[in-house]
Amino acid sequence: MEQEYIILLQKILVVLFSVTLFWKIIKHMCGLLIIEKEPVTVLVTGAAGQIGYALLPMIARGVMLGPDQPVIIHMLDIEPAAEALNGVKMELIDAAFPLLKDVVATTDVVEACQGVNIAVMVGGFPRKEGMERKDVLSNNVSIYKAQASALEQHAAPDCKVLVVANPANTNALILKEFAPSIPEKNITCLTRLDHNRALGQISEKLNVHVSDVRNVIIWGNHSSTQYPDINHASVKTTNGEESVRDAIANDNWLNTEFITTVQQRGATIIKARKLSSALSAASAACDHIRDWVLGTPKGTWVSMGVYSDGSYGIQPGIIYSFPVTCEKGQWSIVNGLKIDELSREKMDATAKELMEEKTLAYSCLIDD
C-alpha cells in the first residue's frame with residue numbers, strides 16, 4: 001500500500017513539474033510575441049515657451065498617447081529661442097523617459113514637420129498692449145501659412161493637427177486653407193481647456209469630484225464669446241445621476257456667473273500668476289489628443305473646435321467648438337441635442353465673431 005502511495009506521489013510531482021515547465025515555456029513564447037509599438041512622431045511648435053515646457057514632459061511620460069506608446073518629439077521655435085529650445089532638449093534627455101525614443105530641436109520648419117503624425121501648434125504671435133486685432137491676425141496668418149505648407153509637404157498623410165495658439169479657431173482655419181491635402185477632419189483647435197474649466201466650476205459648486213461631472217459643452221470660439229452650456233450635463237450624486245441644472249438648482253448662477261467665470265478664466269489666471277495658464281492648457285491639449293486618438297468613454301462627449309458642417313445651424317466654413325465623441329481616431333459631432341432660446345442666442349453670437357475673424361484674416365491674406 002505504501003509503495004502505491006509513493007508511486008502516486010511521484011506521478012503527481014512529475015505532473016506538477018511538467019505543468020510548471022509548460023507554463024514557463026508559454027510565458028516565454030508570449031513574451032517573444034510582444035512587439036513594441038512603432039513610435040509616434042509628435043511636433044510641438046513654440047516648444048521653448050511656457051505651454052511647451054509644461055506639455056513636453058506630459059507627452060514623453062505617456063499622458064497624451066498612453067503608457068505603452070513610444071514617441072519621437074520634434075520641437076520647433078523661432079531663432080531667438082534656439083538656445084532655450086536646446087536647454088529643453090537637454091532636460092528631456094536628462095529625464096530619461098522610457099517612452100521617449102528621440103528628440104529633435106530645430107528652428108527649421110521643414111525639419112520639424114518631417115514625418116509628423118501629430119502636430120500641436122502652440123507657437124503663435126501673442127496680442128500685445130495697444131495692438132489691434134487685425135495686427136494680431138496678420139502676424140498669425142503669416143506664421144500659419146508657412147507652417148501649413150510645411151506640414152502639407154512633409155508630415156505623414158494622416159497627420160492630426162491641434163491648434164492651441166490664439167486666435168486658435170481662426171489660426172486653425174488658416175492652416176486648413178494652406179494645407180488642402182490634410183483632411184479637414186484632421187485639423188482642430190483647443191477648446192478642451194474651456195471644457196475642463198466648466199467641469200471644474202460645476203464640481204466646485206456641488207462639492208463633488210470632477211470625474212463625477214460629464215457632458216458640459218463649449219460652443220463656438222475660444223474667446224470671451226464662447227458659450228459654456230450645462231443644459232445636457234449630468235452629475236453623479238448620492239441619489240444617483242441627475243442633471244447639473246437640477247443638482248445646482250440656481251438658474252441665475254448658471255446663466256450668468258458660471259458662464260462669465262469660464263469665459264474669463266484665462267484673464268483671471270493671468271491676473272493672479274502674472275503669467276498665462278500654461279499647465280492647464282498643456283493638460284487640456286493632452287486630453288484633446290488622447291480622446292481623439294484613443295476614444296471617448298461610452299456615454300461621454302467632449303468639446304473640440306472642428307470644421308463646421310452646418311450642424312445646429314452653424315454656418316459651414318468656420319472652425320467652431322461642438323460636442324463630439326471620438327472612436328478609432330475619428331471625431332463625430334453629437335447631433336440631436338435640444339437648443340433653448342438663450343443657448344441659440346449665445347451660439348449665434350460666438351459664430352458671428354468667428355465669421356468676422358474669418359473676414360479679417362482673409363483680408364490679411366489679400367494684403368499679404
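Because only heavy atoms are used, hydrogens play no part in the values below, and waters and symmetry mates are left out as well, while side chains stay in.
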### Task
Please answer: with hydrophobic residues joined when any side-chain heavy atoms are less than 4.5 Å apart, are Tyr320 and Val334 in the same cluster?
yes

### Task
Identify the two heavy atoms, one from Cys159 and one from Ile118, that lie closest to each other, and give their separation to 0.1 Å.
SG-N, 4.4 Å

### Check: Met347 main-chain N/O paired with Arg344 side-chain donor or acceptor under 3.5 Å
no

### Spacing of Lys358 atom NZ and Leu137 atom CG [to the nearest 0.5 Å]
13.5 Å

### ring pair (Phe, Tyr, Trp, His ring centres under 6.0 Å) against Tyr53, all qualifying residues, sequence neighbours excluded
none

### Task
Please report the closest heavy-atom contact between Ile230 and Arg245, naming both atoms and the distance.
CD1-NH2, 3.7 Å

#### Entry: Qualifying residues under salt bridge (Lys or Arg N to Asp or Glu O under 4.0 Å), relative to Lys352, sequence neighbours excluded
Glu356

### Query
To which residues is Val63 joined in a hydrophobic cluster, defined by side-chain heavy-atom contacts under 4.5 Å among Ile, Leu, Val, Met, Phe, Trp and Tyr, whether direct or through other members?
Met58

### Query
Going by heavy atoms in the side chains, are Ile93 and Met90 under 4.5 Å from each other?
no

### Task
Check the pair Val141, Tyr362 against side chain to side chain contact (heavy atoms under 4.5 Å, CB included), reporting the backbone distance first and the verdict last.
CA-CA 9 Å; Val141 161; Tyr362 278 47; over 6 Å; no

### Message
Go through it in stages, so that I can follow the logic: the residues are Lys185 and Val306, the test is side chain to side chain contact (heavy atoms under 4.5 Å, CB included), and I'd like the CA-CA distance, side-chain angles, deciding distance and then a yes or no.
### Response
CA-CA 7 Å; Lys185 288 202 79 165; Val306 300; over 6 Å; no

### Query
In Å and rounded to the nearest 0.5 Å, what is the CD to OG distance from Gln226 to Ser321?
8.0 Å

### Polar contact flag, side-chain donor to acceptor under 3.5 angstrom, Ser311-Asp309
yes

### Message
Check whether Asn86 reaches the backbone of Ala105 with its side chain - one donor and one acceptor, N or O, closer than 3.5 Å.
### Response
no

### Summary
For Asp68, the salt bridge (Lys or Arg N to Asp or Glu O under 4.0 Å) test, sequence neighbours excluded, returns Lys37

### Task
Determine whether Trp253 and Ile217 fall in the same hydrophobic cluster, where Ile, Leu, Val, Met, Phe, Trp and Tyr are linked whenever their side-chain heavy atoms lie under 4.5 Å apart.
yes

### Task
Answer yes or no on whether Lys205 is positioned over the face of Phe258, meaning its NZ or CZ is under 6.0 Å from the six-membered ring centre and within 45° of the axis.
no

### Query
Do you know which two heavy atoms are closest between Gly49 and Asp77, and how far apart they sit?
N-OD2, 3.9 Å

### Message
A side-chain contact here means heavy atoms from C-beta on lying under 4.5 Å apart; do Met304 and Cys326 qualify?
### Response
yes

### Task
Decide, yes or no, whether a salt bridge links Glu241 with Arg214 under the criterion of side-chain N to carboxylate O below 4.0 Å.
yes

#### Entry: Donor-acceptor contact present, side-chain Asn231 to main-chain Ile339, <3.5 Å
no

### Task
Grab the two heavy atoms, one from Ala284 and one from Arg192, that are nearest each other, plus how far apart they are.
O-CG, 3.7 Å

### Message
Ignoring hydrogens and geometry beyond distance, is a side-chain donor-acceptor pair present between Arg197 and Ser277 at under 3.5 Å?
### Response
yes

#### Entry: Common cluster, Leu162/Ile174, ILVMFWY with side-chain heavy-atom separation under 4.5 Å
no

### Message
Are more than 12 heavy atoms, taken from residues, nucleotides or ligands other than Lys236, located less than 6.0 Å from that residue's NZ atom?
### Response
no

### Message
Pairing donors with acceptors under 3.5 angstrom, does anything connect the side chains of Thr191 and Asp194?
### Response
no

### Task
Decide side chain to side chain contact (heavy atoms under 4.5 Å, CB included) for Trp331 and Ile333; before the verdict, give the C-alpha distance in whole Å, the side-chain angles of both, and the deciding distance to 0.1 Å.
CA-CA 7 Å; Trp331 56 262; Ile333 293 173; 3.8 Å; yes

### Query
Any side-chain heavy-atom pair from Leu99 and Arg61 closer than 4.5 angstrom?
no

#### Entry: Close side-chain approach of Asp287 to Val302, heavy-atom, < 4.5 Å
no

### Message
So does Val213 get a backbone contact from the side chain of Ser234, meaning a donor-acceptor N/O pair under 3.5 Å?
### Response
no

### Message
Return the CG to OG distance between Leu199 and Ser303, rounded to the nearest 0.5 Å.
### Response
8.5 Å

### Query
Angle class for the Trp219/Phe322 ring planes (parallel below 30°, perpendicular above 60°, tilted otherwise)?
perpendicular

#### Entry: Ser363 side chain to Leu360 backbone, donor-acceptor under 3.5 Å
yes

### Query
Without hydrogens or angle criteria, can the side chains of Glu152 and Ser181 be said to hold a donor-acceptor pair below 3.5 Å?
yes

### Co-membership, hydrophobic cluster, residues Leu193 and Met121, 4.5 Å side-chain
no

### Message
Does Glu345 have more than 12 heavy atoms from other residues, nucleotides or ligands lying within 6.0 Å of its CD?
### Response
no

### Task
Answer with yes or no whether the hydrophobic clustering places Ile143 together with Leu85; edges join I, L, V, M, F, W, Y residues whose side-chain heavy atoms lie under 4.5 Å apart.
no

### Message
Looking only at the side chains, is there a donor atom on one of Gln201 and Thr261 sitting less than 3.5 Å from an acceptor on the other?
### Response
no

## Note on the structure
Sorted by chain and residue number, the side chain to side chain donor-acceptor pair (under 3.5 Å) partners of His74 (sequence neighbours excluded) come out as none

### Query
Measuring from Ile72:CD1 to Ile59:CD1, what's the distance to the nearest 0.5 Å?
13.0 Å

## Note on the structure
OG1 (Thr170) and CD1 (Ile318) are apart, to the nearest 0.5 Å, by 8.5 Å

#### Entry: Glu357 CD to Leu173 CG distance, which is reported to the nearest 0.5 Å
10.0 Å

#### Entry: Residues, nucleotides or ligands: over 12 heavy atoms within 6.0 Å of Lys274 NZ
yes

## Note on the structure
Between Ala165 and Gly123 the two heavy atoms that sit nearest each other are CB-O, 3.4 Å

### Task
Of all the heavy-atom pairs spanning Val109 and Ala150, show the shortest one and how long it is.
CG2-CB, 3.7 Å

### Query
With distance as the sole criterion, is a donor-acceptor pair present between the side chains of Tyr144 and Glu177 under 3.5 Å?
no

### Task
Mind running side chain to side chain contact (heavy atoms under 4.5 Å, CB included) on Gln114 and Val104 for me, showing each step along the way?
CA-CA 11 Å; Gln114 202 70 45; Val104 174; over 6 Å; no

### Summary
Taken in chain and number order and not counting sequence neighbours, the residues that satisfy ring pair (Phe, Tyr, Trp, His ring centres under 6.0 Å) with Phe178 are none

